[in-house]
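In what follows, every heavy atom counts, from backbone to side chain, and hydrogens, waters and symmetry copies are set aside. Just so it is clear: chains get the letters A, B, ... in the order the sequence lines come, proteins before strands, and each one is counted from 1.
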4 protein chains.
Amino acid sequence: MIIYFRPMRVKDELKQEAVIEATVKLVNETGFVSSSVAKIAKEARVSPATIYIYYKNKEDLLVSTYIEIKHKLSKALLENFDETLPIRDILKNFWHNAFDFARKNPDFIKFTEQFSNSPFSDLVDKAEVEKYFLPMLSVLQRGIEQKIIKDVHYEMLGAFIFFPVMILSNPRLCTDIKLNEETIEQAFTLAWDAIKL
Amino acid sequence: MIIYFRPMRVKDELKQEAVIEATVKLVNETGFVSSSVAKIAKEARVSPATIYIYYKNKEDLLVSTYIEIKHKLSKALLENFDETLPIRDILKNFWHNAFDFARKNPDFIKFTEQFSNSPFSDLVDKAEVEKYFLPMLSVLQRGIEQKIIKDVHYEMLGAFIFFPVMILSNPRLCTDIKLNEETIEQAFTLAWDAIKL
Amino acid sequence: MIIYFRPMRVKDELKQEAVIEATVKLVNETGFVSSSVAKIAKEARVSPATIYIYYKNKEDLLVSTYIEIKHKLSKALLENFDETLPIRDILKNFWHNAFDFARKNPDFIKFTEQFSNSPFSDLVDKAEVEKYFLPMLSVLQRGIEQKIIKDVHYEMLGAFIFFPVMILSNPRLCTDIKLNEETIEQAFTLAWDAIKL
Amino acid sequence: MIIYFRPMRVKDELKQEAVIEATVKLVNETGFVSSSVAKIAKEARVSPATIYIYYKNKEDLLVSTYIEIKHKLSKALLENFDETLPIRDILKNFWHNAFDFARKNPDFIKFTEQFSNSPFSDLVDKAEVEKYFLPMLSVLQRGIEQKIIKDVHYEMLGAFIFFPVMILSNPRLCTDIKLNEETIEQAFTLAWDAIKL
DNA sequence: GATGAATGAGTGTTCATTCAT
DNA sequence: CATGAATGAACACTCATTCAT
């Protein structure tokens with residue numbers, strides 16, 4: 001009997017997932033500055049060289065991780081999306097989805113916030129990320145046409161209905177607010193009052 | 001009585017200022033990751049060793065720079081602060097001050113945003129920074145008591161009247177909105193609608 | 001059953017040996033103060049980073065080098081060790097082994113002397129090094145019991161039969177004595193006269 | 001009344017002494033490697049620049065400190081030196097002086113041992129140091145002529161009557177021997193037995 | 001005589017990445 | 001596919017020394 005110690009050439013998705021998890025964890029805990037490839041590899045129980053099989057370089061690893069998270073986020077946000085509901089209800093559903101995601105995946109939120117405020121974010125194809133949110137945009141557009149929502153630039157509307165979620169979920173920014181059904185509902189009232197006509 | 005004071009070669013304030021400027025510039029352009037002490041020193045036309053005369057270490061340099069900027073910001077925000085005016089006018093004045101500062105010092109805004117979303121921000125004495133904004137807080141408090149402003153946590157109010165400024169001024173987040181008198185006024189309407197009763 | 005074992009690129013023992021040699025050489029020639037890791041690496045024709053694969057840090061490199069040498073020394077000293085011989089002959093054999101080693105490996109002697117007089121030596125597990133010399137100790141013990149050797153502390157005996165070798169072999173201390181069969185024999189006479197009853 | 005903050009040009013011997021003390025202390029505690037001029041200056045409560053008034057450079061500081069200590073040592077050793085006494089008594093007096101000095105100035109001993117085993121010692125004018133010990137040499141010479149002492153090289157005699165003092169006084173080498181009148185007397189017996197005819 | 005600011009060159013160490021296996 | 005060894009370049013930081021005062 002002969003044993004060849006040559007593993008099958010099976011792309012190991014578990015490994016790739018472990019690398020992403022390790023990246024998020026390390027970046028959140030220690031920041032980009034001290035998140036070296038060697039440390040990420042160690043955390044993921046993988047050789048540094050292995051990372052270079054999946055990603056072109058460190059930059060690619062970080063950007064890919066970001067996009068991956070954004071993708072997960074967008075899927076979460078659009079859950080139960082129903083165009084036929086009243087606009088306020090659509091936004092409210094979206095709003096709750098966002099807080100749900102933030103509560104369940106605080107690491108992802110932390111990572112994206114750190115990432116999107118760094119020059120790394122310039123490397124991301126904005127269009128690709130934005131397209132996930134197109135359905136929301138068309139809802140806002142409809143709201144404006146129906147004179148339900150103020151007729152201002154969609155980025156301004158976003159500043160009052162998308163970003164507050166991020167801010168309120170960010171423990172670095174909001175240290176003593178407690179996120180529960182009541183406060184989330186409260187916050188939505190403010191957001192809706194801001195944009196509604 | 002006259003005292004002829006013959007000082008030793010004295011700490012050069014111009015140099016220290018150059019170091020801070022270089023820090024902000026480099027961090028904004030290339031991020032924390034690739035803003036090495038050597039590069040900052042070069043940008044400031046100073047020896048790396050000199051930086052260690054003014055700051056204990058790199059961390060100290062970054063944190064001090066952040067606090068310095070926050071201090072400047074707070075002074076700018078409270079300009080023309082007049083407690084006797086109607087609450088809406090006080091907030092509006094504050095709002096315009098904020099956009100003014102952001103327009104004149106985009107580098108400072110960029111830096112603080114990157115900084116406050118990084119683990120470095122954990123090293124800052126929050127209380128010290130917050131105290132600059134106490135006057136604003138007491139205005140909000142009064143508004144609540146007078147049933148002009150919604151009775152919710154001040155952090156939630158902040159998410160709708162302080163952070164929108166940051167978001168709208170951030171070219172990374174708002175790529176095509178044009179900041180002018182009109183849009184700023186517009187934005188304030190949204191903000192006020194959000195928090196007013 | 002046959003196992004084809006295909007190893008990764010494997011730690012290069014030649015490289016490690018070269019690092020130790022370079023360390024000894026440089027420390028002897030220029031002292032600890034100016035024996036930087038970079039210089040040692042250059043001397044060993046190796047990257048500075050490579051040294052950190054084999055040793056945790058510079059301290060570890062120096063301490064390991066010292067222990068390695070002590071180990072070699074102890075093996076050399078105990079060559080032809082024969083408990084059945086008269087005590088004087090055992091000591092004499094030991095004595096000649098020591099001078100042989102010192103003559104053949106002057107660098108090792110120089111290094112250990114510099115090392116053991118520096119604060120680095122506090123980092124060495126003394127017990128581990130001492131155990132190599134236990135056989136000699138038991139010989140001395142026997143000599144005392146048989147009333148052949150003076151009944152004094154073993155460290156004192158050591159000061160007269162172990163250290164003189166070091167002193168006489170040290171060109172820094174003994175500049176004009178010539179070490180040959182005659183002088184070594186002479187020195188042993190003095191040592192033996194010192195400790196014998 | 002005018003006050004000129006221009007101190008008198010008085011060479012401050014206290015300062016110089018403080019520098020030497022600081023040097024010895026730091027080198028003993030942390031070794032040559034981490035005894036920087038800045039640290040020594042701080043320990044001596046003096047500016048780094050001040051040290052360069054008294055010494056050409058760091059090397060000069062270390063070497064001068066060594067010679068200074070050696071000078072003190074030699075003066076201590078030759079106390080009560082009386083040529084007319086029997087040779088054994090002269091040596092014994094010397095022996096006791098040496099242990100006295102070692103007991104009272106362990107820092108000096110530690111420093112000289114570290115120094116003389118480092119390449120720094122090559123920078124010392126050996127002749128200058130040796131001349132302090134010439135009286136001892138002539139005693140040994142006389143002993144040889146009178147057939148009281150073995151007719152061997154003076155360096156070999158030294159290895160048995162000078163160095164044992166160093167070894168026995170060195171806590172790094174002799175960890176559990178207790179130095180008291182009895183053991184010192186004991187050690188002298190061994191030393192004398194070694195060299196006497 | 002005495003100083004603290006200033007510095008280029010150097011320190012120990014870690015980096016992102018490649019290579020042979 | 002996957003690895004740990006290997007590395008030159010870079011890292012944060014300290015060095016011995018000088019300079020203006």
- [ ] Identify the nucleotide, in any strand shown, that forms a Watson-Crick or G-U wobble pair with F:dC13, with both distances under 3.5 Å; if there is none, say none.
- [x] E:dG10

TODO: Run the numbers on B:Val27 and B:Phe115 for side-chain contact (heavy atoms from CB on, under 4.5 Å), then give the verdict.
DONE: CA-CA 9 Å; B:Val27 169; B:Phe115 184 96; over 6 Å; no

Open item on the list: I want to verify a distance call: between F:dT3, E:dA2, E:dT14, whose nearest atom is closest to the A:Thr50 side chain?
Closed with: F:dT3

Task: Selected nucleotide, minimal atom distance to B:Lys15 side chain, candidates E:dT7, F:dT7, E:dT3 - done: E:dT7

Task: Any residue of residues 39-49 of chain B with a heavy atom less than 4.0 Å from an atom of DNA chain E - done: B:Ser47, B:Ala49

Open item on the list: At a heavy-atom distance below 4.0 Å, what parts of residues 56-65 of chain D sit against DNA chain F?
Closed with: D:Asn57, D:Lys58

TODO: Find the distance D:Tyr52:OH to F:dA16:P and express it as a whole number of Å.
DONE: 6 Å

Task: Between NZ on residue C:Lys72 and CD1 on residue C:Ile67, distance to nearest 0.5 Å - done: 13.5 Å

Open item on the list: Of the options E:dA16, F:dA16, F:dC13, whose atoms approach the side-chain atoms of D:Val37 most closely?
Closed with: F:dA16

- [ ] Using only side-chain N and O atoms of B:Ser36, determine if any of them is under 4.0 Å from OP1 or OP2 of F:dC11.
- [x] yes

Open item on the list: Quick one, C:Leu73 and C:Asn105 - any side-chain contact, counting heavy atoms below 4.5 Å?
Closed with: no

Open item on the list: Can you see if the side chain of A:Tyr54 gets near the phosphate of F:dA2 - specifically, an N or O under 4.0 Å from OP1 or OP2?
Closed with: yes

Task: Value in whole Å for how far the P atom of E:dC15 lies from CD1 of A:Ile51 - done: 13 Å

Task: Residues C:Tyr66, C:Phe111; criterion side-chain contact (heavy atoms from CB on, under 4.5 Å); working and verdict - done: CA-CA 8 Å; C:Tyr66 174 74; C:Phe111 181 88; 4.0 Å; yes

Task: Any donor-acceptor pair under 3.5 Å from D:Lys39 side chain to D:Leu26 backbone - done: no

- [ ] Kindly say whether A:Val46 contributes a backbone atom to a donor-acceptor pair with the side chain of A:Thr50 at under 3.5 angstrom?
- [x] no

- [ ] Mark yes when over 12 heavy atoms from residues, nucleotides or ligands other than A:Lys42 sit less than 6.0 Å from its NZ; otherwise mark no.
- [x] no

- [ ] For the pair B:Ser64 (side chain) and B:Asp60 (backbone), establish whether a donor and an acceptor sit closer than 3.5 Å, ignoring hydrogens and angles.
- [x] yes

Task: Nucleotide of E:dT18, E:dT3, F:dA2 approaching A:Ile53 most closely (side-chain heavy atoms) - done: F:dA2

Task: Value rounded to 0.5 Å, distance of CG in C:Asn28 from NZ in C:Lys110 - done: 5.0 Å

Task: Any strand: nucleotide that pairs with E:dT21 via Watson-Crick or wobble, under 3.5 Å - done: F:dA2

Open item on the list: Tell me the interatomic distance from D:Gln16, atom CD, to E:dG1, atom P, rounded to whole angstroms.
Closed with: 11 Å

TODO: Take atom OH of C:Tyr55 and atom P of E:dG12, then tell me their distance rounded to the nearest Å.
DONE: 16 Å

